[in-house]
Amino acid sequence: MRKNASSFLLLLAAVAAPVAIVAPADAQLLNRFMFRGLEKSDIAALQPVIRDSLSEDAIGATRPWKSTSGKEGYVRLLDGGAKAGSNRGTVRITLVRADQTTDSIIFQYQQDAKGVWRTVG
């Protein structure tokens, strides 16, 4: 495993372990991704893509995202989502740099009573 990947996994374990509470998608994304250099504009670009994926996509669908900062990647619906008849869903968020996948993280979401998708882990 490359050094960067190993460092990412160790840091991810340290950061992700205490995050088990339900929080708005932007709050957890901000907390988990700030160490990788994503900015608020990147989080803002990801939010609607994640929400649309959970609300509209079939399992396995992939949507690209791109921020005004120039960062980009894709969101893939791994499980659940509204189209599958579920109020839960799992997505993988991937960051691509210089045409190479560099970081990827999986989030689980649950739709609350008002229909808002929130991270649950």
Side-chain angles (χ1 to χ4, degrees):
M1 189 180 287
R2 294 186 349 237
K3 182 180 177 190
N4 286 348
S6 297
S7 299
F8 171 71
L9 291 175
L10 287 173
L11 190 49
L12 177 60
V15 172
V19 181
I21 59 171
V22 176
D26 60 334
Q28 278 198 340
L29 279 175
L30 190 60
N31 290 337
R32 286 189 178 183
F33 273 117
M34 286 309 286
F35 68 91
R36 297 304 298 166
L38 290 187
E39 302 165 15
K40 287 184 180 184
S41 63
D42 305 327
I43 305 306
L46 273 164
Q47 287 177 300
V49 176
I50 293 167
R51 183 177 51 247
D52 290 348
S53 179
L54 289 163
S55 297
E56 302 169 7
D57 289 349
I59 295 169
T62 301
R63 288 179 179 248
W65 66 272
K66 185 168 184 166
S67 173
T68 57
S69 74
K71 295 182 181 94
E72 61 187 292
Y74 52 91
V75 172
R76 181 178 183 95
L77 183 61
L78 300 177
D79 188 39
K83 195 165 188 175
S86 179
N87 69 342
R88 296 184 66 89
T90 304
V91 298
R92 175 180 289 134
I93 301 164
T94 302
L95 176 63
V96 177
R97 291 186 181 140
D99 295 328
Q100 292 185 334
T101 299
T102 58
D103 296 322
S104 182
I105 191 166
I106 295 174
F107 282 93
Q108 294 179 0
Y109 291 83
Q110 183 168 352
Q111 201 172 27
D112 66 18
K114 293 181 180 180
V116 177
W117 290 98
R118 299 190 181 271
T119 53
V120 291

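FYI, side chains are in, hydrogens and waters are out, and symmetry mates aren't considered; it's all heavy atoms of this structure. This chain uses plain numbering: 1 for the first residue, then up along the sequence.
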A side-chain contact here means heavy atoms from C-beta on lying under 4.5 Å apart; do Trp65 and Val96 qualify? no
Contacts of Arg92 meeting side-chain contact (heavy atoms from CB on, under 4.5 Å) (sequence neighbours excluded), chain-then-number -> Leu78, Thr94, Ser104, Ile106
Which atom pairs, donor and acceptor, lie under 3.5 Å between side-chain atoms of residues 80-88 and protein residues at least two apart or in another chain?
| residue | atom | partner | partner atom | Å |
| --- | --- | --- | --- | --- |
| Ser86 | OG | Arg88 | N | 3.0 |
| Ser86 | OG | Arg88 | O | 3.1 |
| Arg88 | NH1 | Gln110 | OE1 | 2.7 |

Kindly work out whether a path of hydrophobic side-chain contacts (I/L/V/M/F/W/Y, heavy atoms less than 4.5 Å apart) joins Ile59 to Ile50. no
Looking at CG of Asp79 and OH of Tyr109, how far apart are the two atoms once the value is rounded to the nearest 0.5 Å? 14.0 Å
Measuring from atom OG of Ser53 to atom CH2 of Trp117, what distance do you get when rounded to the nearest 0.5 angstrom? 9.5 Å
Going by side-chain contact (heavy atoms from CB on, under 4.5 Å), name the residues that satisfy it together with Ser41, two or more places apart in sequence or in a different chain. Glu39, Ser67, Thr68, Ser69
Can you list the residues that meet the salt bridge (charged side-chain N to carboxylate O under 4.0 Å, His left out) rule with Asp112, with sequence neighbours excluded? Arg118
dist Leu46:CG -> Lys66:NZ (nearest 0.5 Å) comes out at 13.5 Å
Hey, is the main chain of Ile93 close enough, under 3.5 Å, to the side chain of Arg76 for a donor-acceptor pair? no
Value rounded to 0.5 Å, distance of CG in Leu77 from OG1 in Thr90: 8.0 Å
Could you tell me whether the side chain of Gln111 reaches within less than 4.5 Å of the side chain of Leu54, counting heavy atoms only? no
List the residues meeting salt bridge (charged side-chain N to carboxylate O under 4.0 Å, His left out) with Arg63, not counting sequence neighbours, and say none if there are none. Glu56, Asp57
Interatomic distance, CG@Asp42 vs CD@Gln47, rounded to 0.5 Å, equals 11.5 Å
